[in-house]
**Student:** 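The following block contains the structure, expressed as structure tokens.
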Amino acid sequence: MSRSKLVLLFGIFFSMFFMACSEPSIQDDAQKAAELSRLSNISAMDNDLGAAGKLYNEAQEIMNKYRQNGKFDEFYQLYSSYLQ
């Protein structure tokens, strides 16, 4: 195998590896959604309904990702644990 082919194969491998690692984990998403929900509640208590709505929508976008891919139960258990 020539040197240029070897370099190309390693380049493809590392590119695929970094792309796979860049996706946030379900734990990361659950923690972020819980934090957004918490901040939304604080904003609502402070009568900042615009910010509360925006934060709520961001949390719902994360939740919808797991509703669509069939992993919502696993996500929601983690989400609930981060809320507490």
**Student:** Do the side chains of Q31 and E35 get nearer than 4.5 Å, heavy atoms only?
**Tutor:** no
**Student:** Atom CE in M45, atom CD1 in I42: separation rounded to 0.5 Å?
**Tutor:** 5.5 Å
**Student:** Does atom OH of Y56 have more than 12 heavy-atom neighbours, drawn from other residues, nucleotides or ligands, at distances under 6.0 Å?
**Tutor:** no
**Student:** State, with a plain yes or no, whether a side-chain heavy atom of L36 is found less than 4.5 Å away from one of K32.
**Tutor:** yes
**Student:** Do K65 and P24 have side chains that get closer than 4.5 Å, going by heavy atoms?
**Tutor:** yes
**Student:** Looking only at heavy atoms, which two atoms of S43 and L55 are closest? And how far apart?
**Tutor:** OG-CD1, 3.7 Å
**Student:** Quick one: CD1 on I26 to NZ on K71, what's the gap to the nearest 0.5 Å?
**Tutor:** 6.5 Å
**Student:** Just by distance, no angles: are the side chains of R38 and N41 close enough, under 3.5 Å, to form a donor-acceptor pair?
**Tutor:** no
**Student:** May I have the list of side-chain donor-acceptor pairs in residues 76-84 shorter than 3.5 Å, sequence neighbours left out?
**Tutor:**
from	atom 1	to	atom 2	distance (Å)
Y79	OH	S37	OG	2.7
S80	OG	Y76	O	3.0
S81	OG	L78	O	2.7

**Student:** What's the spacing between L39 CG and D48 CG if we round to 0.5 Å?
**Tutor:** 11.5 Å
**Student:** Which heavy atom in F72 sits nearest to a heavy atom in M63, and how many Å separate them?
**Tutor:** CD1-O, 3.8 Å
